[in-house]
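For reference, positions follow the sequence shown, starting with 1.
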Amino acid sequence: MNFTNKFSIAVIWNYLNKTTGYLLDFILSVVLARGLGEYYYGVYTELWNFVFLFSLFSSAGIDTAITVFLPKVAENAHHISCYLRMTFKFFGVVVLVIMLLLMLTGGYLSRTVHSPELSALLKIVAFYIAFYSFILIAQAILLSFYETRFLFWVNTILKSSVILCSYLILKNGGSLEYVIWSMIGINMITAGIYLFRIYPLFRVKPEVQSLSPFFKFGFIAWITSFINYLLGRYFDIFLLGVFSIPKANIGYYNIAFSLTLAMAAIITSGFSGITTAAFAQFEHQNKRQVIAEGWLKVTKLCIFISIPLFLFVILNSRILISAVYGEAYVQSANLLQLFAFLYLISLGLGSGTNSALLYSINKEKIVLKIRAVCGLVNVLLDIILIPIWGVKGAILASGSAIVLTIGAEFLFSRKNANLKFPARFVFKISLAAVISLVVSHLLPAQSLLELLVTLVIYIIFFIFCLFLLKPFVKDEVISLSNLDVRAGRLLNFFSEE
């Protein structure tokens, strides 16, 4: 099997893995929100903020380094064994330190965010973080070898099991603590499955080599991850707790943020991680122009899906949240509209594909500097806006910082890889989406059933507009046909001659 076919198959399974994962995470959030109630869903949101933070410590940037370095030595099993043995020795020490740190500081952290319930829960999640961090590294190893089909099945079973256990526990009057213990048990089993899968890579006799570039890259990726923490929802959640924002409002914030990221995942998840590995391999072969072409194709595909999807959700956010989460969470609608609009801009500028490109051409320090500056901007905006506007201020701060980050990374990517922004393509897709929205919403939907009818009309008119505007060019259709003949034939109707 040649690289193109191998990569395309891996992308498809990776897409299924990521989108299914986000869909199952979304279902879990609905189960927890309805089962825990507004207050305790806010507590859960704050708890998972700390899970994410301490997972950053324990992963130590190794997962990112693996996806960049392992593809470069994929033909040398002795080098791979050397990388992995040193990686897990380092990982074991870090995890033990993180678990001890979390157990010692749990009480202080709970007082900081004014959540007394967190003190005992943080000690429990220390075990969850240990297994979860191992899973992240194991997934990065398998992703480097394009084993995305295996990842799909394991992750789907894992997340489905978590949903089922959480539902049964909450339905029978169980508490959040029991839900967490069930997650720990399921993660322990999953970690065992991954260990069995990657163990043959360790059995090869390692060939001693310098791992300094590997760990140096991992350290930079590690620091970048912490800066991303300052840019993301988790730092917002931490500050919302510090400023004593009501727990229910923190839950509203989490719903708006989670739904937006879930929509983005539907679009970009197939390329997550695997794009970095592929770009790194092309860079190793001195094919910088191929990287630029790959960036353009990925970005166009993201734009093609994100604009119509995000605009439809923005316009109908109130009905969607009411139908899925219940009327108690309808205050999330305005937050969703604001954040989805800002995130849509970042998707149009290339989103995570920019950082994948910069990582692959060894420009990780640029990513670090950009995110450091933008992270500080987000912190300052949070401190200014949260006391004034509460959760809406947090959304505005993070959304603006994300747009600034992606915009800066795009400019540096364009400079280093001679990228071309598809402005004409963006205009045509936006025009098709706006026209379709106007037509489909002549009679506004008042219920979920009416919204489904509106969606069908919207899709039909959007396809019709694409046929008239023809946003794709013939070369792109030919290129796609080499990967999937049926997809190429479909897009041929929407391409210029």
Side-chain angles (χ1 to χ4, degrees), residues 10 13-29 31-32 44 47-48 50-64 66-67 70 84 87-88 90-92 94-96 98-99 102 121-170 174 176-203 258 262 265 269-270 272-274:
W13 280 104
N14 195 46
Y15 179 78
L16 289 173
N17 177 35
K18 297 292 185 177
T19 51
T20 303
Y22 274 102
L23 174 62
L24 293 174
D25 286 341
F26 166 70
I27 295 173
L28 177 62
S29 73
V31 170
L32 293 175
Y44 165 81
L47 176 65
W48 238 243
F50 289 114
V51 169
F52 179 81
L53 175 60
F54 282 90
S55 295
L56 290 182
F57 279 108
S58 58
S59 63
I62 294 172
D63 51 340
T64 304
I66 285 172
T67 59
L70 281 194
L84 297 186
T87 291
F88 279 99
F90 176 73
F91 169 74
V94 172
V95 165
L96 289 176
I98 295 305
M99 290 180 69
L102 186 55
L121 293 174
L122 285 170
K123 294 179 175 62
I124 298 173
V125 297
F127 297 97
Y128 175 90
I129 290 171
F131 292 116
Y132 176 68
S133 300
F134 174 84
I135 289 172
L136 289 179
I137 294 176
Q139 287 175 340
I141 294 170
L142 294 172
L143 191 63
S144 299
F145 295 102
Y146 305 109
E147 292 196 35
T148 49
R149 180 183 299 184
F150 179 78
L151 289 172
F152 166 74
W153 287 114
V154 174
N155 289 342
T156 300
I157 295 171
L158 161 68
K159 292 179 181 291
S160 299
S161 300
V162 170
I163 292 171
L164 179 61
C165 289
S166 299
Y167 174 77
L168 293 175
I169 289 170
L170 295 174
L176 178 57
E177 181 178 340
Y178 288 106
V179 171
I180 295 170
W181 277 117
S182 71
M183 292 179 177
I184 292 171
I186 294 169
N187 270 21
M188 182 173 64
I189 296 171
T190 306
I193 294 172
Y194 280 129
L195 179 60
F196 179 80
R197 185 72 171 189
I198 66 177
Y199 180 70
L201 298 173
F202 291 86
R203 298 180 63 182
S258 298
S269 58
S272 176
I274 202 168

Nearest-0.5 Å distance that lies between atom [atom1] in [X] and atom [atom2] in [Y]:
| X | Y | atom1 | atom2 | value |
| --- | --- | --- | --- | --- |
| Q139 | F150 | CD | CZ | 10.0 Å |
| I129 | I184 | CD1 | CD1 | 9.5 Å |
| L143 | L136 | CG | CG | 12.0 Å |
| L158 | L151 | CG | CG | 11.5 Å |
| L23 | K159 | CG | NZ | 10.5 Å |
| I135 | Y194 | CD1 | OH | 7.0 Å |

Which pair of heavy atoms, one from [X] and one from [Y], lies closest together, and at what distance?
| X | Y | value |
| --- | --- | --- |
| M183 | L28 | CE-CD2, 4.2 Å |
| L24 | S160 | CD1-OG, 3.7 Å |
| S161 | I157 | OG-O, 2.7 Å |
| A191 | F131 | CB-CD2, 4.1 Å |
| M99 | A130 | SD-CB, 3.7 Å |
| Y128 | V51 | CE2-CG1, 3.8 Å |

Is S182 reaching over with its side chain to a backbone N or O of V179, donor-acceptor style, under 3.5 angstrom? yes
Is the number of heavy atoms from other residues, nucleotides or ligands within 6.0 Å of [atom1] ([X]) greater than 12?
| X | atom1 | value |
| --- | --- | --- |
| F26 | CZ | yes |
| F127 | CZ | no |
| Y132 | OH | no |
| Y178 | OH | no |

Given S166, which partner from the list L164, V162, I169 fulfils the side chain to side chain contact (heavy atoms under 4.5 Å, CB included) test? V162
Given the side-chain rings of W48 and Y44, with only the six-membered ring counted for Trp, is the space between their centroids under 6.0 Å? yes
Any V95 side-chain heavy atom under 4.5 Å of F134 side chain: no
